[in-house]
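Inspection log for the structure reproduced underneath, given as C-alpha cells.
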Amino acid sequence: MNIEQAIYTHTKVRRDTRSTGFGYYSTTPGMERLLHDSSRLAAVSSGYISPRNSDCWWEKDEQELSKRDEIEAKRIREHHPVCFGYTTADAGGKELAALTFGRNLGRDLSPLTRDGNILVNTLVLPADELEGYPYEYCGSRELFVDFERSFFLNAPDEPAPFLTPPASITPGDAAPTAEDIESFLEEEDRLPALCSMIGSLMQINDGGDLKRMIVCDKKENIIFWIAALSLVFPAETAKRFTFRTYSFFGCNSDDFSAVYDDVMFCGAYTPSVNGDPKSSRATNYSFAYERDNPASAVFDLEHGYVHDSGDSCAYFSTFIESAFSTDMRILKSYHDFIVSKTTCRSLGSDYAKGYSCYTIFQLRNEHSLKYLPDAFDFALKYMDADALRQLLGIAFACTIDAGREGASFADILSVSQQGIENGKVDEEYVKTHYISFLISLITTKGTACDDYYRLKEQIACLFERSSESIGQALVTAFTVEGILQMTPAEDSGWKFTELADCIYRSLCDSSRFYGTDEELIEAFDDLALKQLFFVSGDSRRKVIDGFAEMLEAPADKAAFLEDMYLKSMHRPDICPEIIRSTAALCINDTSAEMIHHAAAFAGRVGERERLCACILQAPSLPDEAAERAEVFERIVCRSDGILDDCFDMFITDLEEHIDGGEPSCEGIYLVFSFARRCGKTDCVDMALLCADYYSIAAKEYGAYGLTGRPALHLLEMASELEYPQEELRGHLGNMVTLLFVSRYADEPDVRRMCLAPSSIMKINFDILEKPGRSECIRVLGGAFALRSITIGTALEVNYDMFVDTKDASSEEILSDVFLEWITVLAERGGKNAPVLIGETLAMSVKECKLDARAVGRLLSEFRVKLADVRRSTQSPEVMQYISKNCDDPQERKADLNKLMNDIEGSAAGRKPSFHFGKKH
C-alpha cells in the first residue's frame, strides 16, 4: 500500500512554520504535496473541534501536572466523542481515500493552558487499494493513535522528523460485525429509521436540495448507523459513502453559524443524549434549525425525530428490513447481482431500482412484473442488450406468450417501445411476440371483440415507424393457409372481419389492390363466404356490409359484391341480400364511380330492376321527396344509362311521396325538375303536368295571382312543350305579361329586368272570365301607378305595351285600368299625387271615357287638392304630351278641361253634363 500520513495538533514547533500553535506536527514527505494540491484533504486533516462543555473534564483541584493530565484524559474519553471519518478526494488526477481519527487532547500547550487542544491523524491511500468497507477501519491501530497531550508537551523544541507511514492499514477492533449490526437494529426497532436513512442517502446522491444526513444519537451508536448504511451496498459502491462520526457544525466562535463537514453522514453530539452534564451549547448543532433546513435530513434520538424520506423506494425498504431481520445472505445475493451483472455503482435511487430488476430475474413470475418499469429503466442504464432481451423474455413468457394480457400489459408494451427507440432491443424480436399474441387471441375461443381491438390499438404503436403495418405483419404471420383453414363459430364474426381487414390493408400498404393478388383475395372472399353462410337473417346484411366497408375503392366494393353474388348463386336466400347491400352503397356513396360500378354489376347479373326496387326500399333513403329526388338523380345520371329502363319506378315513387300522394304545385315542379335534370322529360307527359300545375295554382292563388317563383316554375315547364294547347298558351302568355308588369312597377331601368320587353304579349282579355278580368285590371292599374311614383311621372308609363288600345273592346277595360291607376296614386302618391293624377287624366282622354263622378268622389275621399290637379293638367309637359301623342291635340285639350270641370263639379255636388273621352 502507498500510504501517506499527517498529524495535526497544538504543537511547540509546527513543521511548516516553525512556530507554536495549531498545525501539522509532522507528515510523510508525500503528504505535504497532497495537502497543497487538495483543499479537501487539508480540511479533513485538521477538521476536529472538540465539544465546548469542558466542565465535564476540567480538573481544578489537582495541582500535580502529570496526574492532572491523566485525570482529564480519562474524563475526556468518558464524555467526549472521537471522530472517525472517511471521505474521498482527487489529487493529481488520482482518486484517494482519506481516513481520519480526531480526539480532544484537553488543554493546549500555552502557559495559559486553555481547553480545545485536538489531535487529528489522517491516513491517505489510493481508493482502489482500500479493502473492504471503510467503516471496518474504526479502531484501526494505524489510524487510532494513542498520543496524549504529554507526548507533544515533552517533545523537543525543534520540528519533528518526517513520519514513517504504516506499511498497511488493518481493520479495527471497534468496527461492529454483521451480527452486531443486526442486534443493534433489532433493539428498539431501529429498522424503520434505517430505511428512512437509506432513502435520504439516495436522495443526496440523486441531486437536489438535500445535501447531508445528521444523526444525533449516543456517541457509541453512530458507527452502527454508518455500518448498517454501508452494508446496504456492495463494498465497492460503499466506498462512495462519506461520513464523520462526530461534527461540531461550526467554528471556534461562540456565535452560532452552521458550518458543515463535506460528507454525506454527520454524527451529532449532545450532552443530554450521552448522559453528560447539561450544557447550553456543547456544539453548534441545533435541532430546530436543521429540522427546517431543506439541505439536511435529521435523525434526532433526543427529540424522537426521524426524517421522512418518502416511499419512492418502499419495495426496496421492505427487502432491506427482511435482510437485516432474517437473513443477510439475500442482501449478499443482491450485491453479487449488482457487481457481476451490472455496471451500477450508484448510491442513488438507481441502486434501489436495481432490486426490481433483480426480483424479476429471481422470481420469473407475473407478480414480479409490477416492478418492470423501474427494472427496465435500470437495465437500460446499467445492463447489456442480452440482459434487456432476457428481461423482456421473462415478461413475455409470463403474459402474452401464454395468451394472457396480464395486469402489466401496458408496462410491458411501454418498455418494449422504449427499448426499441433506444436501439437496445431488437424490434423484430418484440413485434414477433406481440403478433403471436394477437393471433392467439383470434384462434382462442371466447376472446371478446372489444378486448382484441383495444389491445391491437395499443400494440399498433410498435409499427408507427415501420414500413410494415400491423395488418401486414398479422397476415404474414398467420399465412393464407392458416386463414383458409379457419372455420366459423359463434364468436368468429369479428375475427373473420379482422383478418379480412388485415388482408385488404396489407394489399393497400404494399400498393396492391383488390383483384391484383389472387391468393390474398381468395382468402378475403373465403372469410366473407364462410361467415355469410354461417349466419342468417339480418346478420347476413351486416356481414356483407362489413366486408364491403373495408374496401375503400368503389371498384373494389363492386367487384367484391359481384364475387359474393356469383359464388352464392346456389343460395337464393343470400343473393337478394347482396343486391340490397349494393343498393345501400348507391345511396350512401355519392361518388359517380361507385354508382357506375354497382349499376354495371347489376346489369351483368340481370338484377337492374331488383337493384332499383331495393334502392326504393332502402332504410337509408330519405323520406322527404326533395331529398329522394336528389338521390334518384344522382343514381340515374351516374349509372351511364344502365338504369334508364327503371326510370318510371323513380317517378312513381316521387309522386307517392309528394304531400302524401296529393298533387301540389311544389310536387309537380319537383317531378318536372327531376326529369329535366336527368334528361328524361320525354318520359313524362309535360302537357298534363303543366295543366295540372296551372289548375292547382289558379285555385290557390287566383287565375292571375300567380307571380314570382311559382310563375317562373310554370314557364319553365311550359318551355318543354312542343305544341301547347291554345287556351293554356293564352293563359301562360297573360301570366308572363303580368309577371313583367309586377317587376315593371318598381324597376326604373327596364333593361335590368330579367324578361325582355320584346318577349311580352299584350293581355288577352277574351279568355278571361269576370273574376280573372277584375284581378288583371287591378294588377295593371296598381303596377302603372307604382311605376309612375317610382320614375316621378305618369307620362312615361308604357301602358300600351300591355293592353291592346286598338281593340274595340279595350276602351271599357282601359277606363277601369285608369280608374284603378288614379286610385292607387291618390292613396300612395303622397305630395306628388296631384301632379301624377293630372298627368294620368291627360293620358286617359286619349284612350277612353272616364266616370268623372267616380273620380271626383275618389279625389275628395283622399283629400287630393283639385286646384293642384288642374294645374298639373295645364303643365307644359302635359300640353307637350297631348300635342305629340293625340291626332287632334286641340280637341283633346278641350276634353281634358271639360273633364276637370266635371270632376270639380262632382266634388262640389254638381251633376256632370257628359263624359269626356275618345270619339269613335
Side-chain angles (χ1 to χ4, degrees), residues 480 483-484 486 488 492-493 496-497 499-501 503-504 507 512-621 631 634-636 638-646 649-650:
V480 172
I483 293 172
L484 293 175
M486 290 191 67
S492 64
F496 281 25
T497 302
L499 288 174
D501 184 66
I503 289 173
Y504 184 69
L507 288 171
R512 294 175 292 170
F513 299 96
Y514 188 91
T516 59
D517 190 312
E518 293 184 2
E519 186 180 26
L520 284 177
I521 294 310
E522 179 185 1
F524 185 90
D525 290 353
D526 181 75
L527 289 168
L529 284 171
K530 283 178 180 177
Q531 191 64 18
L532 187 59
F533 294 161
F534 182 75
V535 300
S536 60
D538 293 340
S539 298
R540 288 175 179 158
R541 275 287 305 283
K542 293 180 181 178
V543 171
I544 298 169
D545 293 346
F547 276 77
E549 186 63 29
M550 297 178 209
L551 308 175
E552 295 178 358
D556 291 345
K557 294 179 189 286
F560 166 73
L561 291 170
E562 188 167 357
D563 284 351
M564 291 297 100
Y565 186 93
L566 295 175
K567 293 175 181 179
S568 305
M569 291 185 70
H570 63 290
R571 294 287 299 272
D573 56 332
I574 291 179
C575 287
E577 297 295 342
I578 297 174
I579 298 300
R580 289 190 184 95
S581 291
T582 307
L585 283 176
C586 290
I587 295 171
N588 300 326
D589 191 328
T590 60
S591 67
E593 189 179 2
M594 181 68 250
I595 296 171
H596 167 77
H597 286 295
F601 147 52
R604 283 193 294 272
V605 298
E607 292 280 16
R608 286 180 296 180
E609 287 192 13
R610 192 200 293 269
L611 175 63
C612 292
C614 289
I615 289 172
L616 299 179
Q617 298 167 6
S620 57
L621 188 65
V631 175
R634 186 167 61 242
I635 292 173
V636 171
R638 296 178 178 179
S639 63
D640 297 333
I642 298 173
L643 302 180
D644 284 0
D645 293 345
C646 305
M649 297 174 66
F650 296 123

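This is a predicted model, so every value here is computed, not measured.
Within 6.0 Å of atom NZ in K542, 12 or fewer heavy atoms from other residues, nucleotides or ligands are found, so the atom counts as exposed in its surroundings. Residue D573 places its CG atom among more than 12 non-hydrogen atoms of other residues, nucleotides or ligands, all under 6.0 Å distant.
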Decide yes or no on side-chain contact (heavy atoms from CB on, under 4.5 Å) for L643 and M649, but give the supporting numbers first. CA-CA 10 Å; L643 302 180; M649 297 174 66; over 6 Å; no
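Using a 4.5 Å heavy-atom cutoff, the side chains of I615 and I587 are in contact. Between S581 and R541, the closest side-chain pair of non-hydrogen atoms falls below 4.5 Å.
What you find for A598 and C586 is that their closest heavy atoms are CB-SG, 3.5 Å. Between F560 and I544, the closest heavy-atom pair is CE2-O, 4.0 Å.
Residue L561 holds its CG atom at 7.0 Å from CD1 of I578, rounded to the nearest 0.5 Å. For the atom pair CZ of F547 and NZ of K557, the computed distance is 13.5 Å after rounding to the nearest 0.5 Å. Here E593 contributes atom CD and D556 contributes atom CG; the two are 9.0 Å apart, rounded to the nearest 0.5 Å. Interatomic distance, CG of L585 versus OG1 of T582, reported as 6.5 Å (0.5 Å rounding). For the atom pair CD (E577) and SG (C575), the distance works out to 10.5 Å, reported to the nearest 0.5 Å. Taken to the nearest 0.5 Å, the CG atom of L611 stands 12.0 Å off from the CZ atom of R580.
Among residues two or more places apart in sequence or in another chain, the side-chain contact (heavy atoms from CB on, under 4.5 Å) test is passed with N588 by A584, S620. Judged as a side-chain contact (heavy atoms from CB on, under 4.5 Å), and not counting sequence neighbours, the contacts of R604 are E562, A600, F601.
A distance of 6.0 Å or more separates the ring centres of F496 and F534.
Not a single donor-acceptor pair under 3.5 Å links the side chain of R634 to the backbone N or O of A592. Within the 3.5 Å criterion, the main-chain N or O of I642 finds a donor-acceptor partner in the side chain of R608.
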